[in-house]
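First up is the structure itself, then whatever we jot down about it.
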Amino acid sequence: NKGWAGVSTNSASAVSAAAARGALLGACGNSGVILSQILRGMAKGLEFKEHFTCEHFAEALGMASAMAHSAVMKLRRESGSRHPQHADIS
């Protein structure tokens with residue numbers, strides 16, 4: 001697991017940021033990009049946290065949902081301009 005090599009701590013912030021970066025670098029296709037945005041939102045929600053509570057986790061999930069939704073809307077706009085038959089992503 002090369003992606004974890006640079007993580008020298010078990011802090012929520014460091015681990016979630018490494019997961020988001022690894023997902024983005026390894027993303028394949030639309031689903032990979034959307035997953036990377038979910039993990040990016042989780043990382044943003046856990047930023048600066050060594051540990052997290054249920055409330056922190058819920059906030060991070062909210063950020064993850066918003067970032068994933070934004071990514072899907074962007075893909076919808078882009079595919080709509082090139083391939084109208086594939087524009088209905090839900």
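Just so you know, these numbers use all the heavy atoms, side chains as well, and skip hydrogens, waters and symmetry mates. For the single chain, residues carry numbers from 1 onward in sequence order.
- The ring-ring contact (aromatic ring centres under 6.0 Å, His included) analysis of residues 20-53, with sequence neighbours excluded, yields the pairs F52-F57.
- Among residues two or more places apart in sequence or in another chain, the side chain to side chain donor-acceptor pair (under 3.5 Å) test is passed with H56 by T53.
- Here E50 pairs with nothing under the salt bridge (charged side-chain N to carboxylate O under 4.0 Å, His left out) rule; sequence neighbours left out.
- In this structure, OG on S11 lies 11.0 Å from CD on E47, to the nearest 0.5 angstrom.
- Here the CG atom belonging to L46 is positioned 4.5 Å from the OG atom belonging to S16, to the nearest 0.5 angstrom.
- Listed by first and then second residue, the side-chain hydrogen bond (donor to acceptor under 3.5 Å, both in side chains) pairs that reach into residues 60-75 come to none, sequence neighbours excluded.
- Scanning all heavy atoms of the two residues, the minimum distance from I34 to V72 falls at CD1-CG2, 3.6 Å.
- Counting non-hydrogen atoms of neighbouring residues, nucleotides and ligands closer than 6.0 angstrom, the NZ atom of K44 reaches no more than 12 such neighbours.
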Report, one line per pair, each donor and acceptor closer than 3.5 Å where one atom sits in a side chain of residues 35-43; sequence neighbours left out.
residue, atom, partner, partner atom, Å
S36, OG, V33, O, 2.7
Q37, OE1, R40, NH1, 2.9

